[in-house]
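Since the model is a prediction, treat every value here as computed from it, not as a measurement. In the text below, chain A, chain B and the rest are named by the order of the sequence lines, each starting its count at 1. Only this structure's heavy atoms are used, side chains among them; waters, hydrogens and symmetry mates stay out.
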There are 4 protein chains.
Amino acid sequence: MHESSRPSGERGRRRSERSHQAIIAATRELLVERGYPDVTIEAIAARAGVGKQTIYRWWPSRAALVLEAYLSSADVVTPPAAGGTTREDVRALLAWLIAVLAEPTGGHVVAGLVADIQHDADLAEGFHRDVVPARRGAMVAALERGQGRGEIRADADLELAVDALHGAVFYRLLLSGEPLDTDFIARLSEQTLGGLATSPPTG
Amino acid sequence: MHESSRPSGERGRRRSERSHQAIIAATRELLVERGYPDVTIEAIAARAGVGKQTIYRWWPSRAALVLEAYLSSADVVTPPAAGGTTREDVRALLAWLIAVLAEPTGGHVVAGLVADIQHDADLAEGFHRDVVPARRGAMVAALERGQGRGEIRADADLELAVDALHGAVFYRLLLSGEPLDTDFIARLSEQTLGGLATSPPTG
Amino acid sequence: MHESSRPSGERGRRRSERSHQAIIAATRELLVERGYPDVTIEAIAARAGVGKQTIYRWWPSRAALVLEAYLSSADVVTPPAAGGTTREDVRALLAWLIAVLAEPTGGHVVAGLVADIQHDADLAEGFHRDVVPARRGAMVAALERGQGRGEIRADADLELAVDALHGAVFYRLLLSGEPLDTDFIARLSEQTLGGLATSPPTG
Amino acid sequence: MHESSRPSGERGRRRSERSHQAIIAATRELLVERGYPDVTIEAIAARAGVGKQTIYRWWPSRAALVLEAYLSSADVVTPPAAGGTTREDVRALLAWLIAVLAEPTGGHVVAGLVADIQHDADLAEGFHRDVVPARRGAMVAALERGQGRGEIRADADLELAVDALHGAVFYRLLLSGEPLDTDFIARLSEQTLGGLATSPPTG
DNA sequence: AAGTAACCGAGACGGTACGTCCGGTCTTTGG
DNA sequence: CCAAAGACCGGACGTACCGTCTCGGTTACTT
C-alpha cells in the first residue's frame with residue numbers, strides 16, 4: 001500500500017470560505033446569547049445557514065470550533081504595548097487580562113473550554129499551544145526586561161511567577177468568585193514583584 | 001364543621017436515607033468509571049436502584065449532586081496536620097492539594113464543577129461556601145502561624161498569597177497542563193514565601 | 001388507651017362517606033373538564049383532597065371509579081315513562097338515549113369505558129351487569145307491550161331488535177361519526193318496527 | 001451573484017421505506033403480543049430498530065400509527081366475493097366481519113381506536129374515511145343487488161340497514177359482551193332482511 | 001466539453017439522555 | 001384501623017441533540 005491519497009493537485013470543490021466565516025460568526029453570536037453549554041452544533045448550523053456535515057467536516061468537536069471562534073476575536077490576542085517600568089507593565093498586562101475575561105465571550109467561554117480540555121487530548125494540545133503561550137508571552141517578556149534593568153533578581157523563576165500571577169487571576173475568576181478589580185491587580189503585582197525584587201521592600 | 005388546613009408539621013413518608021446514600025455512592029463510582037461529562041442522571045438512578053424522580057426531588061442539578069458526592073469523600077476535606085516550620089507546612093499543604101487533585105475523583109471533577117458554576121448561581125454559592133474555604137483555611141492558618149513566629153512580614157497580604165499559591169496549582173492543572181510535581185511545589189512555596197519573608201534573601 | 005364504643009365486629013375507623021363523595025364528585029368534574037384519557041388518579045386525589053391510597057383502597061381501577069361516577073348521575077339511569085303506542089315509546093326511549101350520550105359526561109366516557117372493558121374482566125362484568133341491562137330493560141318492556149297489543153309479531157326476537165336499535169345508535173356515536181338526530185331516530189324506529197310488525201307496511 | 005432561495009422541491013434525505021415497514025410490522029406484532037393499551041412508542045421503536053423521533057416525525061399519535069398498522073393487514077380490508085342470494089351475501093359479509101374482529105389484531109384494537117377517536121379529530125377523520133366505508137361498502141352493494149332483483153323494497157333505507165346490521169355486531173362486541181356466533185348472525189340477517197323484504201313473512 | 005471528485009444545504013436516520021408525569025406501593029403522623 | 005400526606009421505584013412520555021447517512025445540486029480540476 002503506497003501513500004498518495006491525492007492524485008496530483010486539488011480535485012473537487014474547494015472549502016467555502018463564506019460558510020467558514022458564517023460558522024465562526026454564528027458560534028460567536030451564540031456564545032454571547034446563550035452561553036457555552038447551550039451552544040449546540042445544530043443551533044450553529046441553523047444560524048449559519050449551513051449543513052451540520054459541513055461543521056463536522058472541518059472541526060473535530062464543538063470545543064475545537066468554540067476555541068477557534070474565541071481566538072478569532074482580535075482583542076483577545078493583542079496585548080497592550082510595553083510601557084515604562086516593570087511594575088507598570090505587569091499591572092497593565094493584568095488589567096488587559098481581566099478586561100478580556102470580563103467580556104461576554106470571556107470568562108465563561110474559558111471555563112467551558114477548560115472543562116472540555118480535561119477530556120479531549122487534541123483540544124488540550126491546541127489550547128496549550130495557542131491560548132496559554134499567547135497570554136504568558138508578553139508577561140514573561142516584561143519580567144525579562146525587568147531582569148535586564150536589574151529590577152528583578154537574576155535567579156528569579158519567571159515562569160513560576162507567571163504561574164502565580166495568572167493563576168491568581170484565574171483562581172478568582174473560576175474557583176473563588178472573588179472580584180477581579182484594579183485593587184486586586186495592584187496588590188497582586190506589588191506583592192509578587194516584591195518577592196522577585198533585588199532590594200528588600202523599604203518599610 | 002371547621003377546616004384545619006395547616007401543614008401540621010411533618011406529614012407523609014420521610015426521605016429515605018438509604019436511597020440518599022445509594023445515590024451518592026453511585027455518583028462517586030460513576031465519576032471514577034466514566035468521568036464527569038459521561039455521568040448521567042439516568043445512569044446514577046439505575047446504579048443506585050432509584051427512580052429518577054427521587055434524584056430530581058432532592059438535587060436541583062446534576063452538578064449539585066456531583067458536588068455533594070465529591071465533598072462526601074473524607075480525604076478530600078481533611079488537610080494534613082500542622083508540621084514544624086512555615087516552609088514545611090506550606091509545602092505539605094500543597095502536596096496534599098495536588099494529591100487530592102490527582103485522585104480519580106479529583107481534578108477532572110473539579111474542572112467539570114468549575115465549568116458549571118459559571119452558569120449556575122446556586123451551585124456557585126455552594127462551591128464558594130463549601131469547597132473553596134475548606135482548601136484555603138489550613139493554608140491561611142499556616143501562614144498566620146508564620147506571621148506569629150516572625151517568619152512572615154506582619155503587613156503581608158495572606159489571602160492574596162493563598163490566591164497565588166492555589167492559583168498557580170489550579171492554573172497548571174486546568175489551563176496550562178504543566179506537571180504538578182514536588183519540584184514545582186518546592187519552587188512555588190520557596191519563591192512565594194521569599195516574597196513574604198521579613199528579611200530579604202541574601203544574594 | 002383503652003377500647004370502648006366499638007361493639008366487636010367493627011375494628012378501626014369506618015370508611016369516610018365524606019371522602020367517598022368527594023372522590024366521586026372530583027371524578028365527575030374532571031371527566032367534564034379534561035375528558036376520560038386525561039383523568040388521572042393523581043388529579044382526582046388532589047381535587048378531592050384525598051390520599052391516593054384511599055382511592056386504591058376502595059376501587060380496583062380508574063375505570064371502576066369512572067364507572068361508578070358515571071352511574072351516579074341520576075339522569076343517566078332514569079328512562080322516560082311509558083307513553084302510548086309502541087312507536088312512540090321506542091322513539092322516546094331512543095331520544096332519551098341520545099340525549100344522555102350527548103351530555104358532557106356522556107358518549108366520550110362510554111367510549112373510554114368501552115375500551116377498558118376489553119382488557120379488564122372485572123370491569124366488564126360490572127358494565128354488563130349495571131350499565132347494559134339498565135339501557136335495554138325499558139326498550140324490551142316497550143316492545144313486549146307492543147307484542148301484548150298485537151302490534152309486534154309473537155315470534156319476533158326482541159333482544160335482537162334491541163341489539164339492532166341500540167347498536168345502530170352506538171355505531172354512529174362511536175364508529176361512524178354520523179349524526180345522532182331525531183330524523184335518524186325516526187327512520188331507525190320506523191324501519192326496525194316495520195320488520196317486526198304483524199301486518200305488512202301499507203304501500 | 002444572485003440568490004436562488006426557493007425550497008427547490010425535494011432536498012435532504014428521503015424517508016426510509018425500510019424503517020416505515022419495520023415500524024408497521026413491529027406495531028402489528030406488539031398489538032398481538034401485548035394488546036392495544038400496552039403498546040408503547042418506546043417498545044415499537046425498540047422492536048423496529050428505529051429511533052423514537054422517526055416515529056414522531058411521521059405519525060401524529062400512537063393511535064394514528066396503530067390505525068395504519070391495522071389497515072395494512074390485507075385480510076382486514078378485503079371482503080368476501082359476492083355469492084348468490086341477498087340472504088347468503090349478507091350472512092357471508094357478517095361472518096367475515098366477526099371473523100376479522102375475532103382475530104388477534106381485531107376487536108381489541110378497534111375498541112382502542114374507537115376510544116381514541118373520541119378525543120382526536122384528525123384520527124377520527126382517518127377512521128371515518130378509511131375504516132368505516134371499507135366495512136360498509138360491500139354490505140350496501142349486496143343490499144342494492146337485492147333491491148335490483150326485487151327482493152328488497154325500493155324505498156328501503158339501506159344505509160340505515162347497515163347501521164343496524166353492523167351496529168348490532170359492534171354493540172355485542174364492545175358493549176354487551178354477548179357472543180358473536182353464527183347463530184346470532186343468522187337471526188340478525190334474517191330479522192333485518194325480513195323488515196326490508198318486498199313481501200311480508202307469511203304467518 | 002465531458003467526466004469526476006469533493007464540496008454544499010437540507011434533512012432523515014439510529015441513538016441517548018433529558019426532565020416530567022403518572023402508576024401503584026410504602027411509610028409516616030394523626031384522628 | 002382509616003385517612004391525608006407525600007416519598008418511593010419504575011416506566012413511558014415527547015423533546016433535544018448527537019454524529020452519521022443520503023439526497024439533489026454546485027464548483028472546479030482533469031481528461
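D:A69 meets the side-chain contact (heavy atoms from CB on, under 4.5 Å) test with D:I24, D:T27; sequence neighbours excluded. The side-chain hydrogen bond (donor to acceptor under 3.5 Å, both in side chains) test applied to A:T40 returns no partner, not counting sequence neighbours. In this structure, the side-chain contact (heavy atoms from CB on, under 4.5 Å) partners of C:E33, at least two apart in sequence or on a different chain, are C:E29, C:L30, C:R47. A search for side-chain contact (heavy atoms from CB on, under 4.5 Å) contacts involving C:A45 returns C:K52, C:I55, not counting sequence neighbours. Legend: residues meeting side-chain contact (heavy atoms from CB on, under 4.5 Å) with D:R13, ordered by chain and number and at least two apart, are absent. In this view, A:H128 satisfies the ring pair (Phe, Tyr, Trp, His ring centres under 6.0 Å) rule with no residue, not counting sequence neighbours. In this view, D:S19 and D:S16 satisfy the side-chain hydrogen bond (donor to acceptor under 3.5 Å, both in side chains) rule, not counting sequence neighbours.
Screening residues 106-129 of chain C for salt bridge (Lys or Arg N to Asp or Glu O under 4.0 Å), with sequence neighbours left out, gives C:E125-C:R129. Among residues at least two apart or in separate chains, there is no salt bridge (Lys or Arg N to Asp or Glu O under 4.0 Å) pair with a member in residues 57-66 of chain C.
The CD1 atom of A:I23 sits 4.5 Å away from the CH2 atom of A:W59 when rounded to the nearest 0.5 Å. The line from OH of C:Y36 to CG of C:L113 is 5.0 Å long, rounded to the nearest 0.5 Å.
In the region residues 46-68 of chain D, proximity to DNA chain F at under 4.0 angstrom, judged on heavy atoms, holds for D:K52, D:Q53, D:Y56. Using a 4.0 Å cut-off on heavy atoms, none of the residues of residues 114-125 of chain B approach DNA chain E. Contact check of residues 12-24 of chain B against DNA chain E (heavy atom, cut-off under 4.0 Å) returns B:G12, B:R13, B:R14.
Taking atom CZ on B:R11 and atom C1' on E:dT27, their separation rounds to 13 Å, with Å as the unit. Summarising the geometry, the separation between CD on D:E42 and P on F:dC13 is reported as 6 Å, rounded to the nearest angstrom. In this structure, the CG atom of A:D38 is 13 Å from the C1' atom of E:dC18, given to the nearest Å. The distance between atom CD1 of B:I44 and atom P of F:dC9, rounded to the nearest whole Å, is 14 Å.
Mapping A:A43 and D:A43 onto DNA chain F by nearest heavy atom places D:A43 at the nucleotide closer to the 5' end.
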